[in-house]
Peer 1: 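Would you mind keeping the following structure in view while I ask a few things?
Quick caveat, the model's predicted, so the values are computed rather than measured. These values consider heavy atoms only, across backbone and side chains, with no hydrogens, waters or symmetry-generated copies. Every number for a ligand or one of its atoms is a count from 1 in the order of the listing.
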Amino acid sequence: MGRHRGAEPHEQRRPRGRVRAGAVDQVEPKTVDDGGSSGDGDAAGVGDAAAAAGAAPGDGATSPTTAPPHPDGSGHGAARTAPRTGPTPVHTPAQPGPDAIASARALTKVYGAGETQVRALDGVDVDLARGSLTAVMGPSGSGKSTLMHCLAGLDSPTSGSVVVDGVEISRMSQRQLTKLRRTRIGFVFQAYNLVPTLTAAENIRLPLDIARRPVDKARFDAVVRAVGLEDRLHHRPSELSGGQQQRVACARALIAEPSVVFADEPTGNLDSRSAAEVLGFLRRSVDELGHSVVMVTHEPSAAAYAHRVLFLADGRLEAELLHPDEAGILAAIGELSAARERRQAGSTGTTGAAGTAVITPADGDGAR
Ligand SMILES: Nc1ncnc2c1ncn2[C@@H]1O[C@H](COP(=O)(O)OP(=O)(O)OP(=O)(O)O)[C@@H](O)[C@H]1O
């Protein structure tokens, strides 16, 4: 996946400080079996419709503003006053507070059994703030998608609890989870998952149509305006660029006013300009429309749009970074990776490169 070099998301102020990461003991074997995983097809109320191929960027569509206004941690445009810090351990209270839109406690997910067993999540405690954009990063196989799927009710945890908007979902039946996803959760996937035979407007309305809920015209117009698709509403996905298709998917995720939107690599298929448009929209949907968004990404430039970045490694929450910018995220990835290498070298008794690793996105730690 190429790196995005879109519009600078915000004023850059590089965080400083040392990593005080939590323990990450070892790399688990990465084995894929059929764990009855995610994606039961109704996530966005549209099944798993094949995405139309993204067309070239720069097609003249109305572009949403590309830069988030104030990614300062306050989330609502206040002047940044707090000094920035580097990544720090994640301290999660015993009970989720009212500000949490989604929470996990002791969240564990084990796939398979015996020698092929994989502990994809290993006791994750986290609160995701209401009215905030949270990015989840980590090396490939660290458990990002599994965490998102468990939080979104797409996958069932092996143990632990998940609360979404005040409702405990980890022991819900499939029927209850389906209803929850339709009513409280919005999804944006890397592959757009638009229905190719429907127009943009019909795709946006689909979750409401499936739920047999009326379309509030004012809400529809506001969402369409926010994603800048007023002049593309009657086009089918194949007539839209990749960025436009993903903006349709974002509008579809938001039309039903979900409690929280989960976005899995939403810019993974996009060029830098389209990525900036989509990320700018996701950020504005939080800052201006009051939504809550959780986004899995490998891209430091994408994570820089978030209020908070969570770093996963080996199924555990390793650290978090508040008030992130791209340089600070890159620095954090390097520090966390070096700390892991030091721990591994310590546990195996080897010496040498530990502590000297320089990790770039292309190295696959935090970015593919
Ligand atoms: N259905 C499954 N069956 C068996 N193992 C699985 C399954 N789904 C995920 N895993 C394993 O769980 C671990 C975490 O996977 P997950 O997809 O959550 O990681 P990720 O951080 O999202 O990775 P990537 O960045 O590569 O998408 C990996 O070792 C993966 O191989």
Peer 1: I'd like to know if Glu265 contacts ligand 1, where contact means a heavy-atom distance under 4.0 Å to any ligand atom.
Peer 2: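 It does not, in that no heavy atom of Glu265 comes within the 4.0 Å cut-off of ligand 1.
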Peer 1: I'd like to check which ligand 1 atoms, numbered from 1 as shown, lie under 4.0 Å from a non-hydrogen atom of His298.
Peer 2: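 Taking each heavy atom of His298 in turn, ligand 1 has 25 (O) under 4.0 Å.
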Peer 1: Charged N to carboxylate O under 4.0 angstrom, Glu288 versus Arg283?
Peer 2: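 Between Arg283 and Glu288 there is no salt bridge, as every charged N stays at least 4.0 Å from the carboxylate O atoms.
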Peer 1: Is the shortest distance from a heavy atom of Gly143 to ligand 1 less than 4.0 Å?
Peer 2: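 Gly143 counts as a contact of ligand 1 under the 4.0 Å cut-off.
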Peer 1: Once salt bridge (Lys or Arg N to Asp or Glu O under 4.0 Å) is applied, do any residues pair with Asp216, and if so which ones, sequence neighbours excluded?
Peer 2: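 Not a single residue meets the salt bridge (Lys or Arg N to Asp or Glu O under 4.0 Å) criterion with Asp216.
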Peer 1: Do Met172 and Ser156 touch side chain to side chain, with heavy atoms closer than 4.5 Å?
Peer 2: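 When only atoms from C-beta onward are counted, Ser156 and Met172 do not touch, as no gap falls below 4.5 Å.
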Peer 1: Could you check which of Arg119, Lys109, Lys144, Gln117 puts a non-hydrogen atom nearest to atom 21 (O) of ligand 1?
Peer 2: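 Nearest heavy atom to atom 21 (O) of ligand 1 lies in Lys144.
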Peer 1: Strictly below 4.0 Å, N to O, side chains only: are Asp221 and Lys217 in salt-bridge contact?
Peer 2: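 The answer is yes: the pair qualifies as a salt bridge.
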Peer 1: Any chance you could lay out the side chain to side chain donor-acceptor pair (under 3.5 Å) test for Ser259 and Asp165, step after step, and finish with the verdict?
Peer 2: CA-CA 7 Å; Ser259 304; Asp165 203 10; 2.7 Å; yes
Peer 1: Say whether Val118, considering both its backbone and side-chain N or O atoms, lies within less than 3.5 Å of an N or O atom on ligand 1.
Peer 2: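 Not met; the criterion fails.
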Peer 1: For residues Arg182 and Pro207, determine if any side-chain heavy atom of one lies less than 4.5 Å from a side-chain heavy atom of the other.
Peer 2: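 Sidechains of Pro207 and Arg182: no contact.
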Peer 1: Regarding atom 17 (O) of ligand 1: of the candidates Ser140, Cys150, Gly268, Ser145, which has the closest heavy atom?
Peer 2: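 Looking at heavy atoms only, the winner is Ser145.
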Peer 1: What residues form a side chain to side chain donor-acceptor pair (under 3.5 Å) with Arg219, not counting sequence neighbours?
Peer 2: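 Expected list: His291.
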Peer 1: Going by distance only, is there an N or O of Ala120 that falls short of 3.5 Å from an N or O of ligand 1?
Peer 2: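 Ala120 vs ligand 1: no N/O contact under 3.5 Å.
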Peer 1: For Thr146, which part has a heavy atom under 4.0 Å from ligand 1: side chain, backbone, both, or neither?
Peer 2: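 Both of them.
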Peer 1: Does even one non-hydrogen atom of Gly138 get within less than 4.0 Å of ligand 1?
Peer 2: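 Contact absent.
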Peer 1: Please verify whether a non-hydrogen atom of Pro139 lies at under 4.0 Å from ligand 1.
Peer 2: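 For ligand 1, residue contact (heavy atoms, under 4.0 Å) with Pro139 is present.
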